[in-house]
Amino acid sequence: ELQRRLAKMRRRTITRSRIQTEEVEALGVPHLVHLVTCTYAPGHEWRAAHIAECINAYRQQAARDGVAFRYEWVAELQLKRMRRRQESAAQCMHYHAIIWQPEGYEFPHPDTRGWWSHGMTNVEVARNPVGYLAKYASKGTEGEKLPRGARISGGGGLSPDGRMMASWWLKPRYVREAFPDFRDLVQRARGGGWINCCSGEVVVPSDEQRNLWKKGA
């Protein structure tokens with residue numbers, strides 16, 4: 001089950017990050033992307049609200065400064081630290097985020113503002129933001145379990161069309177081929193398959209298509 005969650009997270013994160021980049025490029029305004037890593041200090045443990053509080057602090061700063069806020073993040077276990085120090089998964093969680101910002105604007109460092117008070121953060125400029133997140137999203141957990149209730153990825157800032165495009169890309173290939181317009185509302189149908197709510201058309205996968213989808217094809 002965990003490996004299935006990680007595989008879905010990889011696809012979702014890479015897809016969303018790619019669309020975020022395409023939307024930023026279409027604006028015609030130069031942007032920088034910061035890589036932000038949030039780690040826990042010894043004696044601190046993961047809580048579900050921590051990453052949300054940090055992201056919300058960024059969001060509030062962006063609103064005050066009148067800039068759009070685009071971001072994607074993934075969670076990862078520090079496996080070497082877990083095994084070297086015999087610490088729990090809750091002590092060894094950390095987060096990798098990419099945050100877009102218009103050239104000439106820079107968010108404050110999270111440590112100086114107290115946005116991440118559970119350890120430390122590292123911030124650097126990204127040259128290949130999608131590749132950066134893909135690297136961490138592709139790592140497994142080598143059999144270790146994430147803390148119960150932990151989200152493994154998140155993001156925000158896509159346009160309505162961007163969100164629909166991401167949703168379309170994350171559907172099985174046979175669904176995308178049957179319904180090539182990403183703006184159509186397509187959802188799972190009762191009894192199996194997928195239904196285009198705009199046209200009423202239903203597509204039911206063959207066993208081969210279903211197996212390919214389960215394998216990530």
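Counting begins at 1 with the first residue of the sequence.
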Determine, stepwise, if the pair M165 / E22 fulfils side-chain contact (heavy atoms from CB on, under 4.5 Å).
CA-CA 11 Å; M165 176 66 79; E22 291 171 355; 6.0 Å; no

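- R190 CZ: 12 or fewer foreign heavy atoms inside a 6.0 Å radius.
- Applying the side chain to side chain contact (heavy atoms under 4.5 Å, CB included) rule to D161 yields the partners S159, M164, F182, R183; only residues at least two apart in sequence or on another chain are considered.
- Using a 4.5 Å heavy-atom cutoff, the side chains of E53 and N56 are not in contact.
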For T37 and N122, what are the C-alpha separation, side-chain angles and deciding distance, and is it a side chain to side chain donor-acceptor pair (under 3.5 Å)?
CA-CA 5 Å; T37 302; N122 182 64; 5.1 Å; no

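- At a cut-off of 3.5 Å, with distance as the only test, no side-chain donor of R85 or Q91 sits close to an acceptor on the other residue.
- Scanning for side chain to side chain contact (heavy atoms under 4.5 Å, CB included) contacts around A57 gives W115, with sequence neighbours left out.
- Nearest heavy atom pair, residue R176 against residue W168, reads CD-O, 3.1 Å.
- Just one of Q101, H34, Q20, R59 meets the side chain to side chain donor-acceptor pair (under 3.5 Å) condition when paired with Y71; it is R59.
- Between Y40 and W116, the distance separating the two ring centers is shorter than 6.0 angstrom.
- Salt-bridge formation is detected for the pair R83/E144: a Lys NZ or Arg NE/NH1/NH2 atom is positioned less than 4.0 Å from an Asp or Glu carboxylate oxygen.
- Summarising the local packing, CZ of R84 is surrounded by more than 12 heavy atoms from other residues, nucleotides or ligands at distances under 6.0 Å.
- Note: W73 and Y95 have perpendicular aromatic rings, judged against thresholds of 30 and 60 degrees for the angle between ring planes.
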